[in-house]
Amino acid sequence: MSRIGVFVCHCGTNIAGTVDVARVAEAMKAEPGVVFATDYKYMCSEPGQQMVKDMIKEHKLDRIVICSCTPRMHENTFRKMLKDTDVNPYMLEIANIREQCSWVHTDKEKATEKAIALARMAVAKVGRDFPLFTSTIPIHKKALVIGGGIAGIQAALDIADAGYQVTLLEREPSIGGRMVMLDKTFPTLDCSACISTPKMVEVSAHPNIELRTSCELEDVSGYVGNFEVTIRQKARYVNHDICTGCGLCETKCPTKVISEFNQGMSERRAIYKSFAQAVPAKPVIDPDHCRKLQEGKCGVCQAVCPLKAINFEDKDTTFTDTYGAIIVSTGYQLIQWQDLYPEYGGGRFKDVISGLQFERLVNASGPTEGHILRPSDQTEPKDVVIVKCVGSRDPKKGKSYCSRACCMYAAKHAHQILEKIPDSNVYVFYMDVRTPGKGYEEFYDRTRKDGANYIRGRVAKIYKEGGRLICRGEDSLLGRQVTVEADLVILETAMVPADGIGEVVHKLGIAMDADGWVQEAHPKLRPVETQTAGVYLAGTCQGPKDIPDTVAQASAAAAKVCGLFSKSEMETSPMTSKVDQSKCCGCGHCEVCCPYKAITLVEIDDREGPKKIRRTVASVNSGLCQGCGCCAAACRTGAIDLLGFTNDQILREVDALCQ
Amino acid sequence: MQFSYYPGCSMDTTGITYKLSIEYICSKIGLVLHEIPDWNCCGATAAHSKNKMLALALPARNLAQAEEEGLDLDVAVPCASCYSRMKHTVVAARQDENMRRKLEEIIGMPYKAKADVLNFLEIFSRPEMKRACQEKMYRTLKGMKVACYYGCLTSRPVEVTGASSTENPMEMDEIVALTGAEPVEWDFKTECCGASHQVDAPKAARPLIERIIRNAKANKAQAIITACPLCNLNLDMREGEINKAKGTRYDLPVYQFTELLAVCMGAGAKDIGIHKHFFPAFDLLNEYLRKAGD
Amino acid sequence: MDRCLNNRENAKALAARIAKDAGVDLQDCYQCGKCSGGCPMAGDMDLMPRQIIQYMRLGLMGDVLRSKSIWLCAACHTCVDRCPHDINLPGLIEGARMEAKRRGMIGVKEVDKFTDIFLENVKMFGKNQEVVLEGLYNVTTGHLMQDMVNVPHMLKHKIVGPELNTTKQAAEVKELMLRAQAAENERKRGEQ
């Protein structure tokens with residue numbers, strides 16, 4: 001016979017104000033198996049916990065029910081407490097009579113009745129609880145960082161500096177991401193390249209960092225502490241072990257290709273480095289444009305290379321490694337506004353450009369060497385219109401969310417234009433100006449004082465007459481239609497997740513939100529973790545953010561990884577699924593529905609009467625299982641139980657409720 | 001190819017050049033239009049601004065007659081406004097069975113909403129129509145720069161029209177290009193010309209016309225092309241007025257797209273009423289036909 | 001003039017009715033002004049299309065019903081086409097105009113007159129007669145010479161003439177219009 005103790009918490013007046021706690025305790029004394037019940041002001045307090053421990057000794061209690069707040073709040077507190085006693089920490093049930101009762105009801109009589117019912121359910125369940133024991137798994141202390149933008153760079157450096165091995169994976173030929181494309185960063189106007197390229201070099205030189213560019217994630221298996229990751233090294237056609245990056249090949253290559261790095265506003269060659277400060281500082285061949293690879297002719301680069309580093313026979317290769325933790329930092333790209341906004345010319349007007357294009361225009365290493373010249377005729381614009389929220393905050397055409405950084409870089413663009421072109425006029429069409437960051441509002445103030453005209457309204461149409469772009473909109477503060485003639489229009493377009501994020505998410509078994517951003521485990525309390533243990537996230541793959549937030553999040557994710565690596569093995573929750581293989585029919589429903597790839601079908605030896613047979617059954621990898629219970633719900637034969645929430649335990653609760 | 005045909009109230013009067021050019025093309029390419037026997041006004045802007053049911057019922061009577069004919073043909077509608085009203089009725093009746101029954105009650109005849117409503121851009125965009133036209137065209141307007149003006153009602157609201165683009169449609173540009181004329185890129189293809197308010201609120205509505213003509217001119221068009229009797233009248237009749245009132249020197253004739261097709265099939269000025277235009281329209285056509293050696 | 005925003009339940013209820021009929025949730029609007037920026041008629045409007053929504057939200061229906069804007073809307077649908085929230089502004093304006101008409105609040109009397117004459121025309125002839133329409137309009141509004149400058153050209157080229165082009169069963173159309181009016185009244189009652 002079980003010996004159950006019930007402890008009803010007042011939580012000050014939080015519970016006791018609405019629930020007659022003494023009556024709840026009294027009622028529990030009549031429940032089968034209950035040998036002790038009482039109420040107390042604060043069960044979670046030190047004296048409250050001491051009382052539980054004392055009563056366990058005094059009444060030889062073997063199961064505990066606490067009627068208090070949500071288990072999310074203090075279940076762990078009480079489990080820890082039980083570690084000091086003879087009671088197994090999993091012989092504990094929490095009846096939530098605060099969030100699910102006292103806080104949502106006003107009628108004390110009815111609330112008390114409900115609290116009694118909730119407590120009775122917990123008592124019924126705890127009677128069927130059985131001891132569970134945590135186990136440990138070893139941790140492979142090497143981290144994989146996917147995506148070599150500023151988030152990935154920062155995370156990799158932090159982990160490497162802590163003394164752990166890191167592989168930094170980047171699908172482009174160079175790391176650096178978006179930040180290295182930017183000219184200056186708000187609100188301090190630091191040179192973006194000057195502060196990010198040293199970090200890039202540091203990555204390439206760090207003894208603990210293995211830099212893998214032109215690489216993509218191929219496959220992931222395993223679980224926290226022990227991920228088996230296959231990586232595809234795309235063919236570069238240049239042997240980087242030999243190449244010194246002298247650049248001769250680039251100067252001789254006859255094929256010109258639109259430069260991605262300069263946002264289509266200049267040309268590169270088919271053998272190229274993305275930009276001067278690229279890391280690694282060695283070229284690759286773009287196989288889609290190389291004449292030798294496409295048509296079999298040319299081969300000039302191979303002929304001129306003094307070190308014979310060019311290899312047209314190069315093929316993709318794959319390699320596999322083991323990682324204890326993975327950080328996703330795949331970043332963002334800008335929305336393709338051309339298809340969405342025909343009213344802004346839909347891309348027909350050369351002088352309607354994106355904010356990132358402007359960054360290249362104003363950058364000293366950009367296509368115009370930092371002179372702001374409009375693309376159509378390379379003249380200096382005098383009247384410039386900046387349009388905010390293109391694709392952001394537009395549920396019909398684009399995305400419903402705010403892209404967070406645009407208000408500030410719009411202000412920065414306005415400032416840069418007014419600074420570089422002294423007699424220029426800048427008009428910023430905005431809906432709201434959002435400046436929640438240190439020094440941000442001050443920067444916005446300064447931009448207005450620089451002379452930027454802020455016009456509150458969304459541009460309705462951009463059209464062309466006589467070489468001038470005409471922006472028509474409403475100034476909603478005037479309540480009048482206005483037009484502004486412009487030489488150059490900058491659209492501050494929405495951030496969207498980088499292409500291919502879906503595949504990465506799928507391979508890692510983590511979740512995306514409706515807009516394709518990686519889903520964090522909890523928006524407030526676990527912002528850099530995912531639902532899969534050992535997989536963390538950093539930067540704009542999680543949602544739009546600016547550089548300071550990105551870097552902060554990257555360091556946070558790195559700290560999480562270092563925390564994990566600080567132990568040689570880790571405890572796992574025992575509340576995982578368990579298959580009763582005698583009942584399992586091997587249908588595989590559970591395998592399909594498991595979000596964590598924790599279930600596999602295995603063959604076992606069995607008997608059918610006197611006959612020996614081979615049979616397929618489900619098997620749970622408790623290292624991967626997160627205890628979500630999907631499999632238990634899907635199991636047709638009832639062969640799967642989630643430990644801590646077995647079918648038997650839940651049915652007892654229901655029975656108790658329906659008494 | 002054949003269609004039921006709803007001409008609408010202005011085809012015999014202010015839409016006369018549209019009517020004549022359509023008839024000319026029909027005779028050349030064997031397109032057959034069966035006029036709805038006893039059609040009535042579609043209600044235009046007036047009905048839907050006063051009475052929702054009326055706005056749906058007036059077109060329903062026409063569509064029901066087309067069904068009654070038993071030809072099982074889609075209904076061709078030249079006027080953008082009529083097209084919009086008729087299409088509203090088809091969509092409403094198809095979406096809501098109660099509405100369809102209610103409309104039957106009001107018009108006093110069965111209406112199943114089976115036939116689609118098509119404007120002439122939709123019809124002439126069909127590959128077989130383009131082919132048929134091309135076969136019959138032996139003259140060209142090579143090099144004539146034109147701005148194709150679609151107006152609002154062939155494109156918006158998109159859930160009624162199903163238009164491919166509400167800002168930069170290309171159907172008319174593609175049809176007109178068959179004549180050798182060169183459609184220019186411009187930005188006022190679907191801006192409203194304010195036709196519904198040119199009489200009752202001229203001060204407010206006149207600038208709409210000027211904006212359209214100005215943008216066409218600024219983008220180097222020599223003529224504006226329309227696909228609606230109302231749009232055409234509106235631009236054609238007011239261009240001279242605007243020049244007079246504001247001292248501007250706009251010089252863009254305004255043609256229906258069918259006029260260009262008909263001319264290239266051999267229609268003389270008299271055949272399709274080129275001289276009936278308010279803004280002189282003969283010389284430009286003549287100049288380009290000559291240039292092309294006709 | 002001050003606009004006290006308290007105690008406007010009745011006006012808000014009217015606004016809600018009009019919004020519901022147009023399939024609009026007034027709270028969708030965040031006042032970006034893209035509608036007004038692109039509205040071809042906004043130059044002469046006393047309330048910007050965007051403002052109509054804010055006035056309706058706050059229950060300032062008098063301002064809306066008295067406005068010229070609801071009569072000047074050309075129903076071109078540019079606003080809703082570009083609206084980030086797909087708000088059926090022409091539908092709201094149409095509802096407001098019908099309500100204004102019911103109360104005899106006519107912001108632009110010419111527009112109302114033109115519409116009435118147009119529908120009378122249809123009721124009488126089944127089809128619209130451009131000559132009759134323009135003639136009656138000029139006479140009843142007192143704009144006697146409006147568009148007369150174009151008449152000689154039209155007569156010379158037989159664009160218009162003295163003959164009427166009517167629906168043969170014009171009486172059928174008239175009855176249809178009466179039944180449609182009854183149905184519309186019933187529909188409106190159903191809403192309230």
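Chain identifiers are assigned alphabetically (A, B, ...) following the order of the sequence lines, protein sequences preceding nucleic acid strands; residue numbering begins at 1 within each chain.
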Using a cut-off of under 4.5 Å for heavy-atom pairs, which of [options] has the most such pairs with chain C?
options: S84(B), S196(B), P157(B), A205(B); result: P157(B)
options: E241(B), E159(B), H48(B), E191(B); result: H48(B)
options: G8(B), A201(B), G194(B), S10(B); result: S10(B)

Is there a side-chain contact (heavy atoms from CB on, under 4.5 Å) between Q129(C) and T13(B)? Walk through the geometry before answering. CA-CA 9 Å; Q129(C) 312 296 324; T13(B) 56; over 6 Å; no

May I ask you to say whether [X] pairs ionically with [Y], meaning some side-chain N is under 4.0 Å from a carboxylate O?
X: R82(C); Y: E167(B); answer: yes
X: K203(B); Y: E110(C); answer: no
X: E172(C); Y: R61(B); answer: yes

Looking at every non-hydrogen atom in both residues, tell me the closest pair between [X] and [Y] and how far apart they are.
X: K127(C); Y: W39(B); value: CE-O, 3.1 Å
X: R156(B); Y: H77(C); value: CD-O, 3.3 Å
X: E94(C); Y: S49(B); value: CG-CA, 4.2 Å
X: E186(C); Y: K102(B); value: OE1-NZ, 3.6 Å
X: A75(C); Y: L153(B); value: O-CD2, 4.3 Å
X: P37(B); Y: K168(C); value: O-NZ, 3.4 Å

Heavy-atom contact with chain C under 4.5 Å, split by part of [X]:
X: P202(B); result: side chain
X: E105(B); result: backbone
X: T17(B); result: neither
X: L208(B); result: side chain

Can you tell which part of [X] gets under 4.5 Å to a heavy atom of chain B, answering side chain, backbone, both or neither?
X: V122(C); answer: side chain
X: N165(C); answer: side chain
X: K101(C); answer: side chain
X: E184(C); answer: both
X: E175(C); answer: neither
X: D112(C); answer: both

Report yes if the side chains of [X] and [Y] come closer than 4.5 Å at any heavy-atom pair, otherwise no.
X: L54(B); Y: M177(C); result: yes
X: M41(C); Y: H197(B); result: yes
X: D200(B); Y: K113(C); result: no
X: L58(B); Y: V173(C); result: yes
X: F118(C); Y: C41(B); result: yes
X: K276(B); Y: K156(C); result: no
X: M237(B); Y: V149(C); result: no
X: V199(B); Y: D147(C); result: yes

Nearest-0.5 Å distance, [atom1] of residue [X] to [atom2] of residue [Y]:
X: N150(C); Y: L233(B); atom1: CG; atom2: CG; result: 8.0 Å
X: L178(C); Y: I106(B); atom1: CG; atom2: CD1; result: 11.5 Å
X: T167(C); Y: N40(B); atom1: OG1; atom2: CG; result: 5.0 Å
X: E130(C); Y: C9(B); atom1: CD; atom2: SG; result: 8.0 Å
X: Q65(B); Y: Q169(C); atom1: CD; atom2: CD; result: 9.0 Å
X: H153(C); Y: F279(B); atom1: NE2; atom2: CZ; result: 12.0 Å

If you count heavy-atom pairs under 4.5 Å with chain B, which of G38(C), P40(C), A170(C) comes out on top? P40(C)

With distance as the sole criterion, is a donor-acceptor pair present between the side chains of D81(C) and T166(B) under 3.5 Å? yes

Test side-chain contact (heavy atoms from CB on, under 4.5 Å) on M98(C) and K50(B) and set out the steps. CA-CA 6 Å; M98(C) 287 183 200; K50(B) 296 259 159 158; 5.7 Å; no

